[in-house]
Colleague: 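Take this structure first; my questions come after.
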Amino acid sequence: MTNRLLVLACTFAATLGALTAADDGDLAGPTWGEGSTDKAGSSPSTAMRTKTVAASDSSGGTVTSISGSTGTTSLVGTLPDSVDLYEIFVVSPTQFDVTTQGSSFNTRLFLFKKVVNADGSIDAIPLAANDNVSTLANWSRLHNTSSTAVLIPGLTAGAHYLAVTNNGAVSTTCPRALQPTPQFSFTSTTAILQPVNSGELCDWTGSSTAAGAYTINIIGGVLLTRPATCDDAPVLGTGSYAYSTVNNQAEGSENNIGLNNICGVPATIRSPTWFRLDACTGSTTVRVQPSISGTAAYGFVVYTGACGSLTPIACSDTFGTAGELTFASDACQTYYVAYGPLKPATSTQFPVVGPGTLIIACTPSAPDADINGDGIIDGNDLALLLSQWGS
Ligand SMILES: [Ca+2]
Ligand SMILES: [Ca+2]
Ligand SMILES: [Ca+2]
């Protein structure tokens with residue numbers, strides 16, 4: 001009975017929208033939101049990666065702003081949530097231009113290059129920082145758009161980290177020490193500063209308690225990237241999402257999914273894009289609808305479980321048309337979907353790639369009112385429900 005009540009509680013919570021909200025809208029671009037909790041950490045391993053199913057890795061998805069807040073839940077050194085770090089994809093270094101205009105507190109911006117080491121560890125190497133755009137305003141601007149000077153040396157296309165902090169915080173190098181070494185010296189409050197120490201990011205220091213809501217305006221040069229692994233999957237709820245696979249063809253084959261062992265289809269999903277379902281309890285339909293009808297073929301696999309230990313539960317492998325699947329879903333389950341262009345084993349051609357629409361729909365089932373499972377719906381069920389209400 002306990003299990004049954006738990007399931008019921010989950011079903012009711014989902015019905016009331018109390019479970020984890022989907023990432024769609026706020027997290028699918030062009031505006032990116034941190035959400036109501038502190039999801040952006042202060043290190044490369046806890047940074048929030050901006051991404052969208054609408055992107056391919058080179059043509060990308062548009063992002064115009066990132067919004068969030070500092071100062072509430074996590075601890076960074078002695079300051080609560082004083083740093084929010086985002087992984088961004090710089091596509092055009094000479095158009096790179098970000099500001100914190102409109103933020104509610106006195107900000108600083110820091111930019112780091114993401115470096116993946118041979119052992120797979122990740123470092124953030126400092127490139128630039130700015131406190132104030134001018135002597136007349138305390139919002140920050142980092143940009144590389146000058147036609148006469150390189151303002152951010154070392155800025156190239158690729159993955160970077162962008163940090164927003166208050167006006168007292170500064171990044172420090174490794175190793176962590178009693179007296180950590182700041183990476184920047186704020187001898188000027190208005191210059192775009194270059195690092196005074198280019199060792200990798202380890203920690204932050206500072207004494208300001210300024211915090212609040214911020215907006216990072218993306219003026220140019222930054223795009224959202226495609227979630228290419230399970231770990232990276234954004235949460236998508238019921239809705240319609242533009243996608244693109246135009247760059248999948250150029251990508252490596254290490255993430256391809258062979259369908260023969262999963263569903264007995266001699267074909268491969270090339271360079272799949274991943275998302276996690278914000279599922280309802282009932283019947284969920286996923287449809288991958290290419291814009292180029294008749295020629296593009298798409299496949300996808302639905303999994304349950306956690307990344308690294310996924311169990312496939314359904315395949316879609318329709319050739320020459322949209323891929324579509326309807327399956328029974330449970331709001332208390334975790335579902336991952338990986339989709340991409342489908343390459344038959346007999347074909348030597350790469351499958352047609354291009355833009356399309358990803359459609360997620362759900363028909364909720366009626367809640368089971370027979371809570372105690374005795375086959376009768378009566379006052380005993382109501383009493384059980386009320387006893388669990390709000391608990
Ligand atoms: Ca935060
Ligand atoms: Ca944070
Ligand atoms: Ca400032």
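Bear in mind that the values here come from a model prediction, so they are computed numbers and not experimental data. In what follows, residues are counted from 1 in the order of the sequence shown. One-based numbering, in listed order, for ligands and for the atoms of each.
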Colleague: Under a 3.5 Å cutoff, is there a donor and acceptor pairing between the side chains of Thr99 and Asn217?
Modeller: yes

Colleague: Which atom name would you report as the N, O or S atom of Asp131 nearest the Ca ion (ligand 3)?
Modeller: OD1

Colleague: Can you tell me if, anywhere in Asn138, an N/O/S atom lies at a distance from the Ca ion (ligand 3) that is smaller than 3.0 Å?
Modeller: yes

Colleague: Does Ser69 bring an N, O or S atom to under 3.0 Å of the Ca ion (ligand 1)?
Modeller: yes

Colleague: Any N/O/S atom of Lys39 sitting less than 3.0 Å from the Ca ion (ligand 2), backbone or side chain?
Modeller: no

Colleague: Does any N, O or S atom in Ala40 come within less than 3.0 Å of the Ca ion (ligand 2)?
Modeller: yes

Colleague: What is the name of the N/O/S atom of Asp38 that is nearest to the Ca ion (ligand 2)?
Modeller: OD1

Colleague: Does a side-chain heavy-atom distance below 4.5 Å link Ile219 with Arg141?
Modeller: no

Colleague: I'd like to know if the side chain of Ser43 pairs up with that of Ser45 as donor and acceptor (distance under 3.5 Å, no hydrogens or angles considered).
Modeller: yes

Colleague: Establish, from distance only, whether the side-chain atoms of Ser140 and Thr107 form a donor-acceptor pair under 3.5 Å.
Modeller: yes

Colleague: Kindly compute the distance separating CG (Leu193) from OG1 (Thr190), expressed to the nearest 0.5 Å.
Modeller: 8.5 Å

Colleague: Taking both backbone and side-chain atoms into account, decide whether Thr189 has an N/O/S atom under 3.0 Å from the Ca ion (ligand 3).
Modeller: no

Colleague: Can you spot which of Leu111, Asn144, Leu142 makes a side-chain contact (heavy atoms from CB on, under 4.5 Å) with Leu127?
Modeller: Leu111

Colleague: Does Thr107 put an N, O or S atom under 3.0 Å from the Ca ion (ligand 3)?
Modeller: yes

Colleague: How about Asn130: does one of its N, O or S atoms come closer than 3.0 Å to the Ca ion (ligand 3)?
Modeller: no

Colleague: Please say whether the positively charged group of Arg108, taken as NZ for Lys or CZ for Arg, lies over the ring of Phe186, i.e. under 6.0 angstrom from the six-membered ring centre and within 45 degrees of the axis.
Modeller: yes

Colleague: Give the atom name of whichever N/O/S atom in Glu34 sits closest to the Ca ion (ligand 1).
Modeller: OE2

Colleague: Which atom name would you report as the N, O or S atom of Asp81 nearest the Ca ion (ligand 2)?
Modeller: OD1

